[in-house]
Participant: 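Provided herewith is a single structure, encoded as structure tokens, for subsequent inquiry.
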Amino acid sequence: MASSSDEPAWKQLKLSLEAPCVDDEGQRIPRILDIQGDVPIFDEKQSAAERLRETIARMVHERGPDLSLITMESLQGDDPEAPAKDEAEKDAGKEDEEGTRKPMTVAQLSQMRTDTIQKLNIAAGEISQALEIVELLLSTKQSAASGITAATATTATAAAAEPPAPPIIPPSALTTTHITPAPPRSSIRARDAQLIVGTKDDTLRNAASIFSRAAQRIGRAVEDGEEYWRDAVRLRAGNWGMVPRPLPPSHIPVRKGTDNPARDFLVSFGLEEAPPIHRRRAIAFLTDNVTRAEKYERLTFPFRQKTRLRVGITHTDENGQSFRSYSTILSPASQSKKESLDVQLTTAQREITEQEVFSDLIKETGSLPSCAASVSEKSIIVEAVKNTQLSFEMVSTENAQQPESLPSSPQFRALCDLILPCLTLLLIRSHRSRKTAPQTGPQVAQTRRPRILAPVISMLQYYTFVTEMHAQVQNVHKGLAEAGIDVDVHWVGVGQSAEEVLKMFESVEGAMGLEIGGEAIIRIDKRRTIRFTFSSPTTVALHLQGAILAVTDVPQLRRLLLAQVTECVLELLKHAGTDRGGKWFIDNLEEKCVGIWEGGSLQTRLEFDESFHLTCIGVFASPHGPPKQVKYPSKGGHVSLTEWFQAFVQPSVSRA
């Protein structure tokens, strides 16, 4: 590393940051007050008495002669002579107005004296200057007269009669004096150099910082412009609609050739066939000036409400317990803070679409044929099914997940999550029907727009009805299985595939509902078959030999199902008795199986409770004794119904 002696002399110079107080000889450096011409005027050192005298004189000059009359009582307002003084001042003012003169004060006299002295000094200067000029002229005239000869005296006498010529002043009469001021002291020169260097250094630093900030601003502007068009290309590649941004009413065109309005465009993310009121709110635009921390907030939504549609179902079961389930809505806290532009537009599109769905639901609620409904500003409640309420609410995305006092059902929560996208599909189907419908002609009045709410209610009714029907079928399967009867159940809740259901949503013909159906087949002991087919909303068809019975409610379905199961079980008992001997037949009127043989008879009938638990009662009649009654299931142990029946019938037939 190079030593300090190798550095140049100007780098080794060390200047003090404080102003010097003394010179090189140790003498006090006077403070400069003013510079007149080339002569500086220094501040003279004054004693304490002189400074006090000047301060008092200045106070008297500024405050007036009444300064000596001010007391502590007058400042505090306790001076008893204050009112008298005020009256005296008022009288003095009146006298001044009348023109009465009063003696001059000391201040006025001092001011007049100062002004007079200044004017006298000016006059004395002018007089002295005039005297010097006169003396100069006189001396010049005398020197010129001494050189005139006597020969020219006559000529001069003759010429004296003529007016005298003006005197001629020689060039050497008036001269200039050059005064070279004394060079300043070294300490003053050092201080001046220090000030000059510091001022230039600050100026250069400020200029450098200005250029640096300007360069950074230009660089950021270039980066923002590139990022702006890069985002615009991404949005266009994502098939988002882009329309020119309208100019404001107060827009004044700038110079020709400017491209400022060329960058103004709007991103339209609403549905194409949506009403104008929804399309106007479904717009966004890119922001130019964003920081790197706000890079993912480049999109601005001026009309975004941040509300989502929440579907809810409140259900009360047979035991009186209530369940309340809602559709799932992702809150902003659960979503990523650094969402891409495509994700932001998708979320905003979902919000505006659900708002349009809610507005259409409000319009359709008043025309429901068989459902009671209540409508408020942000909620709709529909009594879709008995003990089941369907609700639609517009909730904020920040407060979407709220704790509920009632428990939730996983089945109904899944159904709510299914209903929400179905509403969007039904809205698109409605837009498609509006687009394909004739705009003129007599068919306009006959065209009926597909509904949105009716298919959802139909689907909910179908789900509730099929759930209750499935519970009845399961009870039959469980009751017969406990009796040892071989039972097979084939259940299909929705017979259509996913593609077929989507086609129903897309088709415009199904204006009122969705034609969804299923099938249930119960095979008992691999001999008899009970077949049901059902379709939305609550229609069931029982297929018999040579006939089809339509069922519209669950109690009627239970009675038909009970009759068919009873007939199948009695047929099973008839075959079991025939294998042991005797004559067996079924009395369909009284729903019992009768067996007759020599020496006795047996009548068997069946009973089912609410859960289809089977009870078989047999009455054995014999001429040799009173009737004997037996009951299944017995307390001796668990055996199947056929085994119990055969064990009871075999001894009786053998004795006969």
Side-chain angles (χ1 to χ4, degrees), residues 19-62 64-65 101 103-193 195-196:
C21 298
V22 295
D23 54 7
D24 298 339
E25 299 177 358
Q27 299 296 328
R28 174 181 172 272
I29 300 176
R31 186 166 61 90
I32 299 177
L33 296 180
D34 194 4
I35 298 177
Q36 295 182 357
D38 294 334
V39 180
I41 300 176
F42 299 98
D43 183 15
E44 297 181 359
K45 186 176 182 181
Q46 297 179 344
S47 62
E50 293 176 351
R51 289 197 301 271
L52 180 60
R53 187 183 302 107
E54 291 183 359
T55 303
I56 294 175
R58 185 169 57 84
M59 292 174 59
V60 172
H61 175 69
E62 294 178 355
R101 294 185 178 181
M104 296 179 62
T105 60
V106 177
Q108 294 176 353
L109 184 59
S110 177
Q111 182 67 26
M112 184 183 68
R113 179 181 177 183
T114 303
D115 296 341
T116 305
I117 290 174
Q118 290 180 356
K119 294 179 180 179
L120 291 175
N121 290 334
I122 295 172
E126 293 178 352
I127 291 173
S128 61
Q129 186 177 5
L131 290 175
E132 291 178 358
I133 294 174
V134 170
E135 291 178 357
L136 177 63
L137 294 176
L138 291 177
S139 62
T140 304
K141 186 175 182 181
Q142 291 176 1
S143 61
S146 60
I148 298 175
T149 59
T152 59
T154 306
T155 306
T157 304
E162 298 179 0
I168 300 174
I169 301 175
S172 60
L174 298 177
T175 59
T176 58
T177 305
H178 297 277
I179 301 175
T180 302
R185 296 183 178 89
S186 59
S187 58
I188 296 177
R189 291 200 305 270
R191 185 187 177 204
D192 293 342
L195 293 176
I196 294 173

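Quantities reported herein were computed from a predicted structural model and do not represent experimental measurements. All values below come from the heavy atoms of this structure, side chains included, with hydrogens, waters and symmetry mates left out. Residues: numbered from 1 along the sequence shown.
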Participant: Which heavy atom of Met104 sits nearest to which heavy atom of Gln108, and what is that distance?
Facilitator: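 The answer is CA-OE1, 3.6 Å.
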Participant: What residues form a side-chain contact (heavy atoms from CB on, under 4.5 Å) with Ile127, not counting sequence neighbours?
Facilitator: Leu131
Participant: Hey, what do you get for CG (Leu109) to OG1 (Thr114), rounding to the nearest 0.5 Å?
Facilitator: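 If we round to the nearest 0.5 Å, Leu109:CG and Thr114:OG1 are 9.5 Å apart.
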Participant: Applying salt bridge (Lys or Arg N to Asp or Glu O under 4.0 Å), can you list everything that pairs with Arg189, at least two apart in sequence or on another chain?
Facilitator: none
Participant: Can you sort out the partners of Arg58 under salt bridge (Lys or Arg N to Asp or Glu O under 4.0 Å), two or more places apart, ordered by chain and number?
Facilitator: Glu62
Participant: Within this structure, what is the CE-CD1 distance for the pair Met112 and Ile117, rounded to the nearest 0.5 Å?
Facilitator: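 These two atoms lie 10.5 Å from each other.
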Participant: Ser186: which residues meet the side-chain hydrogen bond (donor to acceptor under 3.5 Å, both in side chains) condition with it, sequence neighbours left out?
Facilitator: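 Expected list: Asp24.
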Participant: Going by side-chain contact (heavy atoms from CB on, under 4.5 Å), name the residues that satisfy it together with Arg53, two or more places apart in sequence or in a different chain.
Facilitator: Glu50
Participant: Can you list everything that forms a side-chain contact (heavy atoms from CB on, under 4.5 Å) with Ser128? Sequence neighbours excluded, please.
Facilitator: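 If we apply the side-chain contact (heavy atoms from CB on, under 4.5 Å) test to Ser128, skipping adjacent residues, there are no hits.
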